[in-house]
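Single-structure report; data block below.
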Amino acid sequence: MPELPEVETYRRFLEEVMLHQSIAALEVKDAHVLATDEDTLRRALVGHTVTGTSRLGKNCFLLLSSGQVLVLHFGMTGDVGAYRDEPDAPRFTRVAFHLGSGLRVAFVDPRKFGRIRLAEGVAQYQQAKKLGPDALDVTAGQLQHKLAKRKTFLKPLLLDQSITAGLGNWIVDEVLFQARIHPERLAHTLTTAEFNDLHDAIQLVLRTAIGHEATYRDFPASFLIHAREWDDSATPGTDQHQFCPRHATTKIEKTYVGGRATYTCPRCQPAG
DNA sequence: TCATATGTTGCGGG
DNA sequence: GCCCGCAACATATG
């Protein structure tokens, strides 16, 4: 789940439950998700309070009164939750932050691709990980500047977190569909108008997704997301979801681009 | 059993 | 250095 809209939704949740709260204990149920050793984490967290939250791309930050920053990356299956007593801990809780109030905040991650680590600051982390500007902040001009000389497929470039941070596999498909651009267009062939379309589509898709708290089934019918196999919003048995939202008789195609499952409408997005 | 999976990293080879 | 394909990571689900 966790692309930018999910992570932003998690951030808002964490801000609600953790802001100005003290951390009484750190409970590590599976150290696999720790990218900073447990003792170092504990020293930075326990006895300190959360003074703010932030987000860059798919990374969520908890600003700490110790001056450091806790970085949460959710991998492919990460989630957050809150509970009060151990029997209510969500399944696959890997780490729990026990707050002074008694509430416990869970870092949940079945596949354990997520990571929790300490950083000196957001800017330091951004530089260390070579993260580009957040996808909500990136301008059409910045995109054009970074992509105009690249002679490779557009989609993998949009997934590259150093170009812009936060776009994941389904969002890129949705963005390209909304912008009516084929994922295998070579980046350097895009016109200025197309870079503007791309930027507009990024804004539309991200703002829509955040507005619906990343709940796919609530997205407008004009969204391609409903054609993805794992979406359950289609009426069972109708296969209606396999068709383009704009062309009721045109089937959405599934291919692989850069090794990633890719959905396109052949009419809306003619090949470059 | 096999295929698939929303992310990231690192390897080998061109 | 750039770029691609591919595997690995660890696990759940259909």
Side-chain angles (χ1 to χ4, degrees), chain A residues 1-11 29-36 55-60 71-80 90-95 107-117 119 125-126 128-132 134-135 146-177 183-189 202 205-206 208-210 212-219 223-234 236-237 241 254-263:
Chain A
M1 282 89 99
E3 298 193 33
L4 188 151
E6 288 88 344
V7 177
E8 174 62 16
T9 302
Y10 300 165
R11 185 196 66 77
K29 292 168 177 280
D30 190 330
H32 193 91
V33 300
L34 300 185
T36 296
R55 183 192 56 73
L56 175 62
K58 303 168 193 170
N59 302 276
C60 182
V71 187
L72 306 178
H73 191 286
F74 297 96
M76 289 179 82
T77 56
D79 199 354
V80 290
R91 195 179 175 205
F92 305 121
T93 295
R94 305 302 184 190
V95 172
F107 181 87
V108 180
D109 188 9
R111 271 178 70 184
K112 300 195 278 193
F113 284 5
R115 290 295 180 266
I116 297 174
R117 78 187 79 220
Y125 180 77
Q126 177 170 17
K129 290 291 179 181
K130 303 193 194 315
L131 297 172
D134 189 83
K146 292 194 180 196
L147 300 184
K149 291 186 175 167
R150 304 292 292 266
K151 298 183 179 176
T152 57
F153 291 159
L154 179 59
K155 174 170 173 174
L157 292 169
L158 293 175
L159 290 171
D160 182 341
Q161 303 295 294
S162 71
I163 288 169
T164 180
L167 302 183
N169 200 38
W170 82 251
I171 299 237
V172 166
D173 282 1
E174 190 67 59
V175 163
L176 291 171
F177 173 75
E184 292 184 338
R185 279 285 298 283
L186 302 183
H188 75 288
T189 69
I202 289 170
V205 173
L206 292 179
T208 300
I210 292 170
H212 290 285
E213 297 185 335
T215 304
Y216 308 139
R217 66 178 175 278
D218 296 340
F219 292 1
F223 271 47
L224 179 72
I225 183 110
H226 302 296
R228 293 195 94 98
E229 288 159 359
W230 39 264
D231 178 79
D232 61 358
S233 64
H241 63 290
K254 181 183 180 183
T255 58
Y256 285 85
V257 178
R260 310 299 302 278
T262 298
Y263 293 75

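Below, chain A is the first sequence line, B the second, and so on; all start at residue 1.
The nearest pair of heavy atoms linking Gly78(A) to Tyr10(A) is O-OH, 3.0 Å. For Glu6(A) against Ala214(A), the heavy-atom pair with the smallest separation is CG-CB, 3.6 Å. Listed here is the closest heavy atom pair of Lys155(A) and Asn169(A): NZ-OD1, 2.8 Å.
Residue-to-nucleotide proximity on DNA chain C shows that, of Arg115(A) and Gly259(A), the 5′-proximal contact is made by Gly259(A).
In this structure, the CG atom of Leu154(A) is 12 Å from the P atom of dC4(C), given to the nearest Å. Leu159(A) places its CG atom 11 Å from the C1' atom of dT6(B), with the value rounded to the nearest Å. When the C1' atom of dT6(B) is taken as reference, atom CZ of Phe223(A) falls 17 Å away, rounded to whole Å. Whole-Å rounding puts the Asp160(A) CG to dG1(C) P distance at 15 Å. dC9(C) atom P lies 16 Å from atom CG of Asp109(A), rounded to whole Å. Going from atom CG of Asp173(A) over to atom P of dT6(B) covers 9 Å, rounded to whole Å. Regarding Leu4(A), its CG atom lies at a distance of 16 Å from the C1' atom of dT8(B), rounded to whole Å. Protein atom CD of Gln161(A) is 12 Å distant from nucleotide atom C1' of dT6(B), rounded to whole Å.
When distances run from any side-chain atom of Met76(A) to the nucleotides dT9(B), dT8(B), dT6(B), the shortest one goes to dT6(B). In the set dT9(B), dT11(C), dT8(B), the nucleotide with an atom closest to the side chain of Lys129(A) is dT9(B). Each of dA10(C), dG7(B), dA12(C) was ranked by its minimum atom distance to the side chain of Phe92(A); first place goes to dA12(C). The side chain of His32(A) lies closest to dC9(C), out of dT6(B), dC9(C), dT11(C). When each of dA12(C), dT8(B), dT6(B) is scored by its nearest atom to the side-chain atoms of His73(A), the top-ranked nucleotide is dT8(B). Ranking dC3(C), dT11(C), dT6(B) by closeness to the Lys112(A) side chain, first place goes to dT11(C). Each of dA10(C), dT8(B), dA12(C) was ranked by its minimum atom distance to the side chain of Arg260(A); first place goes to dT8(B).
For Tyr256(A) and dA5(B), the shortest distance from a side-chain N or O to OP1 or OP2 is below 4.0 Å. Thr152(A) has a side-chain polar atom (N or O) that falls below the 4.0 Å cut-off from OP1 or OP2 of dC4(C).
The partner of dT6(B), taking Watson-Crick or G-U wobble pairs whose two distances both stay under 3.5 Å, does not exist in any strand shown. As the counterpart of dA10(C), no nucleotide is assigned, since no Watson-Crick or G-U wobble pattern has both distances under 3.5 Å.
Side-chain contact between Arg150(A) and Ile163(A): present, with at least one pair of heavy atoms (C-beta onward) separated by less than 4.5 Å.
Taking the C1' atom of each, dC4(C) and dT6(B) are spaced 22 Å apart, rounded to whole Å.
Residue Phe113(A) and nucleotide dT8(B) are not classified as a stacked aromatic pair, given the requirement of ring centres less than 5.5 Å apart at an interplanar angle below 30°.
Rounding to the nearest 0.5 angstrom, the gap separating the NE2 atom in His188(A) from the NZ atom in Lys151(A) is 5.5 Å.
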| query | Are Arg94(A) and His32(A) close enough, and set up right, to give a side-chain contact (heavy atoms from CB on, under 4.5 Å), and what steps lead you there? | reply | CA-CA 8 Å; Arg94(A) 305 302 184 190; His32(A) 193 91; over 6 Å; no

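Across all strands, Lys58(A) comes closer than 4.0 Å only to sugar-phosphate atoms, never to a base (heavy-atom distances).
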